[in-house]
Structures are given as C-alpha cells and as structure tokens.
Amino acid sequence: MALTDNLVAYYKLDGNSNDSIGTNNGTDTSVTYSTDNGKINQGAGFNGTSSKIAMSSGVGITGDSARTMSFWAKSNSTSGLIGFCGFGQDTMAQNFSFGIYNSHWFFYGAVSTYDFDTGVNADTNVNFWTITYNGKSVTIYKNGSSIGSKSVALNTSSSPLNIGVRKNGDGFLNGWVDELGIWSRVLTTDEISELYNSGNGYNGFLPSTGGGNFFQLF
C-alpha cells in the first residue's frame with residue numbers, strides 16, 4: 001500500500017495553507033511562514049494569541065470511521081491549553097484534536113472519557129506526531145513510537161479542520177506546525193516510521209501549490 005492511499009488532505013505549509021491534494025485550502029490569521037518554523041522547507045508559525053489556519057469545510061471523515069493525523073510540530077510552552085490541530089465539535093465524542101493540557105501531551109475527544117491524557121510530560125522539542133483511530137481506540141505516536149492508547153467511542157462531525165488551535169478560537173499555539181497529513185485509514189507502524197525517517201522527515205511529497213495537484217511518493 002502506498003502512503004498516498006486514502007490520503008484525504010495534505011498541507012505542506014510552504015508559504016501557504018493550500019491542500020496539496022485537494023481544494024480544502026486554509027484561511028490564515030497572523031501566520032508566519034519560514035524555514036525557522038518548519039521541519040521540511042517552510043512551516044507555519046503561530047503567535048499563541050491570535051494565529052490560526054481555518055478551513056471552510058471538514059476533511060470528510062465522520063462518525064467512528066478510521067483515520068490518521070500526522071505532522072511535525074514545536075510548542076514554545078508546556079502550560080495551559082494548547083492545540084496543534086484538529087477537527088470536530090466541542091461536544092461529547094465529537095472532537096479529534098491534539099496538543100497539550102496540564103503540561104501533558106493530550107488528545108481532545110471533547111470531554112470526560114473521550115479525552116486522553118497520555119500522562120507523558122510535554123516538552124518544547126521538535127517532535128513528529130501521529131494520532132490514529134481505528135473505530136475503537138486512539139493511539140498516540142511520538143517520533144515513531146507509541147506513548148499510549150485509549151479505548152474511546154468517537155463520533156466526530158464534519159466540522160472544519162483548524163491548525164494552530166485546538167478548535168476555532170480556542171487553545172492557541174505559540175510555536176509551529178509543518179507537513180500535516182490526514183488519512184481515512186490507520187497508518188501502519190512501518191508507514192509511521194517511514195514518515196518519521198529517523199528524525200529527518202520524509203520529503204517524498206513533490207512540491208505543489210495545492211488545488212488538486214496530486215503527486216507521486218515513490
């Protein structure tokens with residue numbers, strides 16, 4: 001299986017927030033693009049107070065269907081409520097977002113038993129994140145290795161994707177995000193390892209300005 005199989009959105013964040021495989025492009029608010037804010041070429045920098053990238057629609061993954069979200073990111077803080085990216089609503093089981101809460105790496109399923117506090121202390125390093133959901137449980141991978149799983153019964157909506165926040169207008173990130181991909185399937189551990197590439201990142205995605213330009217990985 002190719003890494004492009006079931007890839008529903010990909011944001012290189014090289015100077016803009018265009019979707020490299022489709023038309024679900026973002027709208028930027030106070031976002032700074034530079035090589036200092038990215039892992040591969042440029043990335044999107046966020047100021048922690050107003051910066052965000054908002055999409056006008058969802059990525060087409062709803063209900064309890066399988067999914068994967070992967071990206072490189074760095075937060076300059078480990079306290080408070082911080083979101084790297086996510087989609088869905090802030091109601092029971094309707095969110096699929098990841099970031100920091102109570103100084104731990106934290107998955108936001110919305111509330112109560114649908115959230116997932118990994119119990120792992122957050123840091124300000126550059127990390128590669130992969131979050132998978134198989135319809136029954138969420139698994140969080142940091143730099144290619146699992147840091148925990150939790151059984152959750154998500155039923156996410158088709159609400160728009162947001163980057164640099166937990167959800168639109170909430171949990172602003174002071175830091176950066178780069179190379180965000182979303183799949184409508186669970187990536188294998190080998191695929192996650194390939195994307196992580198021993199910490200170097202996988203640059204097999206050909207340059208694109210977005211708007212329906214598909215690419216070849218191999």
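Please read all numbers here as calculations on a predicted model, not as lab measurements.
When atom types are taken as modelled, the side chain of Gln94 and the backbone of Ser157 share a donor-acceptor pair closer than 3.5 angstrom. Looking only at distances, a side-chain donor or acceptor of Lys150 sits under 3.5 Å from a matching main-chain atom of Asp115. The backbone N or O of Lys136 lies less than 3.5 Å from a partner atom in the side chain of Asn134, making a donor-acceptor pair. For Asn37 (side chain) and Thr32 (main-chain N/O), a donor-acceptor pair under 3.5 Å exists by modelled atom type. Between the side chain of Asn197 and the backbone N or O of Gly199 there is no donor-acceptor pair closer than 3.5 Å. Checking side-chain atoms of Thr118 against main-chain N and O of Trp105 turns up a donor-acceptor pair under 3.5 Å. Formation of a donor-acceptor pair under 3.5 Å by the Arg185 side chain with backbone atoms of Asp5 is found in this model.
Glu191 contributes atom CD, which lies 5.0 Å from atom CG of Leu3 (distance to the nearest 0.5 angstrom). Note that OG of Ser20 is 7.5 Å distant from OH of Tyr10, once rounded to the nearest 0.5 Å. In this structure, the separation between CD1 on Ile82 and OG on Ser75 is 4.0 Å, given to the nearest 0.5 Å. Atom CG of Leu195 and atom OG1 of Thr130 lie 6.5 Å apart (nearest 0.5 Å). Rounding to the nearest 0.5 angstrom, the gap separating the OG1 atom in Thr68 from the CD1 atom in Ile192 is 6.5 Å. Atom-to-atom distance recorded for Ser184:OG and Asn6:CG is 4.0 Å, nearest 0.5 angstrom.
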Tyr33/Leu13 under side-chain contact (heavy atoms from CB on, under 4.5 Å): CA gap, chis, key distance, verdict: CA-CA 7 Å; Tyr33 293 96; Leu13 302 174; 4.2 Å; yes

Residue pair Ile182, Leu161: steps toward the side-chain contact (heavy atoms from CB on, under 4.5 Å) verdict: CA-CA 10 Å; Ile182 302 174; Leu161 171 72; 3.8 Å; yes

Test side chain to side chain donor-acceptor pair (under 3.5 Å) applied to Tyr11 and Asp178, step by step: CA-CA 8 Å; Tyr11 300 90; Asp178 194 19; over 6 Å; no

Trace of the salt bridge (Lys or Arg N to Asp or Glu O under 4.0 Å) decision for Lys142 with Asp123: CA-CA 11 Å; Lys142 178 185 179 185; Asp123 58 61; 2.7 Å; yes

Intermediate values then yes/no, side-chain contact (heavy atoms from CB on, under 4.5 Å), Tyr108 and Leu81: CA-CA 10 Å; Tyr108 300 97; Leu81 188 158; 3.6 Å; yes

Steps toward side chain to side chain donor-acceptor pair (under 3.5 Å) verdict (Asp64, Asn155): CA-CA 5 Å; Asp64 63 353; Asn155 184 27; over 6 Å; no

Test side-chain contact (heavy atoms from CB on, under 4.5 Å) applied to Ile21 and Leu7, step by step: CA-CA 8 Å; Ile21 67 167; Leu7 180 65; 3.8 Å; yes

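Looking at Phe87 and Ser159, their side chains never come closer than 4.5 Å, going by heavy atoms from C-beta outward. Between Cys85 and Met69 there is a side-chain heavy-atom pair separated by less than 4.5 Å. With contacts defined as side-chain heavy-atom distances shorter than 4.5 Å, the pair Ser57/Pro160 does not qualify. Inter-residue side-chain proximity for Thr35 and Asn41 is flagged as unmet; no heavy-atom pair is nearer than 4.5 Å.
Summarising the geometry of Ser70 relative to Trp183, their closest heavy-atom pair is OG-CZ3, 3.3 Å, with the distance given to 0.1 Å. Contact record, Asn16 with Asn18: OD1-N, 3.0 Å, taken as the closest heavy-atom pair. Among all heavy-atom pairs drawn from Gln89 and Ala110, the shortest one is O-CB, 4.4 Å. The minimum heavy-atom distance linking Ile53 with Ala44 is given by the pair CD1-CB, 4.1 Å. In plain terms, the two heavy atoms of Leu173 and Gly83 that are nearest each other are CB-O, 3.5 Å. Val126 and Lys39 get closest at one heavy-atom pair: CG1-CD, 4.5 Å.
Checking Asp28 against Ser17 by side-chain atom types alone, a donor-acceptor pair falls below 3.5 Å. Judged purely by distance below 3.5 Å, without hydrogens or angles, the side chains of Glu179 and Tyr202 never pair a donor atom with an acceptor atom. A donor and an acceptor atom, one from each side chain of Asn143 and Asn127, are located under 3.5 Å apart. Residues Ser97 and Asn95 bring a donor and an acceptor atom of their side chains to less than 3.5 Å of each other. Thr139 and Ser149 share a side-chain donor-acceptor pair at under 3.5 Å. With no hydrogens or angles considered, no side-chain donor-acceptor pair links Asp190 and Thr188 at under 3.5 Å. Side-chain contact annotation: Asp19 with Asn24, donor-acceptor N/O pair under 3.5 Å absent.
A cation-pi arrangement is absent between Arg67 and Tyr133 under the rule of less than 6.0 angstrom and at most 45 degrees off the ring axis.
The hydrophobic cluster containing Val165 does not contain Tyr101, counting ILVMFWY residues as joined when their side-chain heavy atoms lie under 4.5 angstrom apart, directly or transitively. Val31 and Val177 end up in the same hydrophobic cluster when Ile, Leu, Val, Met, Phe, Trp and Tyr side chains are linked at under 4.5 Å. By the criterion of side-chain heavy atoms lying less than 4.5 angstrom apart, applied directly or through intervening Ile, Leu, Val, Met, Phe, Trp or Tyr residues, Phe71 is not grouped with Phe106; the two fall into different hydrophobic clusters.
Exactly one of Phe96, Trp129, Phe84 qualifies for a ring-ring contact (aromatic ring centres under 6.0 Å, His included) with Phe107. That residue is Phe96.
Ring geometry for Phe128 against Trp72 counts as tilted: the plane angle lies between 30° and 60°, on a 0 to 90° scale.
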